[in-house]
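All ligand and atom numbering here is 1-based and tracks the order in the structure. Given the structure is predicted, the values throughout are model-derived calculations rather than measurements.
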Amino acid sequence: MSDLIQRDGKVCWHPFTQHGLESEPLAVVGAKGAQLELEDGRKLVDGISSWWATLHGHGEETILKAINEQYGRLDHVLFAGATHEPAVRLAERLCALAPQGLNRVFFSDDGSTAVEVALKMVVQRWVLRDQPLRRTFVAFEGAYHGDTFGAMAVGDPDPFFEAFRPLLFDVRRVGLDAQKVGAALDDLGERAAGVIVEPRLMGAAGMKIQPTGFLKSLEEAVHSRDLPLIADEVFTGFGRTGRLFACDSEDVTPDLLCLAKGLTGGMFPLSATLAREEFFEDFLSSDRSRAFFHGHTFTAHPVGCAAALASLDLIADHDTPRLFERIGKRLFRSLADLNQNPRVHNLRQLGGMVAFELSSDQPEGYLAARSQCLRKVAQEHGVLLRPLGDTLYALPPACTNEQELDQIASALHAMVKTND
Ligand SMILES: Cc1ncc(COP(=O)(O)O)c(C=O)c1O
């Protein structure tokens, strides 16, 4: 065991990790493109874009340059009562790119806080509109929106959040059916606050692709009742599904849009909640108590904003959504023969994501021990992958080359074989 891993074992507490069971963490000393470099000299292809964040590739030069230049100019300043060029320019660019009508940008730090901001905007806005009872959201079975309390409440408590359930506010949870959403909203009546959805692709639920048309019918069900729709594109944003935003694929305009992960190309923690102007206007007042009461120390961090601007340039120059589509299709072709294996189910692709379910004699859930064993097999094949329960998937960065894609496909084949 290396010195680094030993020291880590004494002082670090890792996310979503059962330290009593899991093996040593990977000691990563560097990263470039699609590759992670380990302390022992091994290299691993980052098949999951380091938790779906790394967009173009690790160490992307133009983003690095933008980060370094911005650090030299303005490292940090509070965003209450102050502003700066990178934040304003980024807000302008995001509004121009996002579905029409999203004209205001509220910055925060990560996906969970972007969701938290959206939920709080909806709740406070109903209070400001003298409808304080409107505080029950409709959310989806299997949804994941992050780990802060509001985000946990709208997420499905199974299997992660059971311990916190008594502290989570009430949510009406439904399956992926717009009619059921409409019925739930009608049943809630004057208690209905709005609806939150991960459009097109539900990542943590097991890379679940929604049926085509679902999103559009959801938008109709929500908007016909004059309620707000929150689109959580923390995972799906910036080309992952083959479109810049997943909402674009069905021409859907949410009232609030949550962005994080790939916003900075995955190279700096920053998130944004985009809102319709009407939301902003409802908070406008000569009364201070009607201000939106939310903010983080590093809101609109100048370096994060500079990284995001450089990433948006790259997306435009390289047509990143198209690159992801190509990567996904190529992986899908390389895995097509798995369809012959009776244990492999529902091989699918959307944008740069491919996934399938792998059954075993003992059906196991998300917390299955098998997942750790499968991760090891992938690493032996030079690839970092983390199955989501029975779901095996890959989602590499846009720079991943053909050889690296073949390596990912071989690792997935090997994982299936181990299971036989
Ligand atoms: C759809 C979605 N929303 C929110 C989050 C939370 O983001 P973060 O981990 O940056 O807080 C995630 C994280 O995976 C996500 O997939």
Legend entry - More than 12 heavy atoms from other groups under 6.0 Å of CZ on R348: yes
Inset, instruction - Evaluate whether atom CG of D170 has more than 12 neighbouring non-hydrogen atoms of other residues, nucleotides or ligands under 6.0 angstrom away. - result: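 For D170, atom CG is not crowded (no more than 12 foreign heavy atoms under 6.0 Å).
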Legend entry - Whether T273 side chain and A114 backbone form a donor-acceptor pair below 3.5 Å: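 Yes.
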Legend entry - Pair R240-S49, side-chain donor/acceptor within less than 3.5 Å: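 On atom types as modelled, these side chains qualify, holding a pair under 3.5 Å.
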Legend entry - Donor-acceptor pair between D255 and H223 side chains, under 3.5 angstrom: yes
Residue, atom name and distance, where the atom is the protein heavy atom closest to [atom]:
atom                    : answer
atom 12 (C) of ligand 1 : Y144 CE2, 3.6 Å
atom 5 (C) of ligand 1  : V234 CG1, 3.7 Å
atom 9 (O) of ligand 1  : K261 NZ, 4.3 Å
atom 4 (C) of ligand 1  : H145 O, 3.1 Å

Inset, instruction - Could you check whether the rings of H19 and H14 sit parallel, tilted or perpendicular, using 30° and 60° as the cut-offs? - result: tilted
Relative to the heavy atoms of [X], which atoms of ligand 1 are at a distance of less than 4.0 Å?
X    : value
G111 : 6 (C), 7 (O), 8 (P), 10 (O), 11 (O)
S112 : 6 (C), 7 (O), 8 (P), 11 (O)
F235 : 16 (O)
G146 : 4 (C), 6 (C)

Legend entry - R73/E85 ion pair, N-O < 4.0 Å: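 No salt bridge links R73 with E85.
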Legend entry - Among I196, L259, D232, closest by any non-hydrogen atom to atom 3 (N) of ligand 1: D232
For ligand 1, the portion of [X] having any non-hydrogen atom under 4.0 Å away:
X    : answer
E198 : side chain
W52  : side chain
A260 : neither

Inset, instruction - Determine whether V416 and R343 make a side-chain contact, defined as any pair of heavy atoms from C-beta on separated by less than 4.5 Å. - result: no
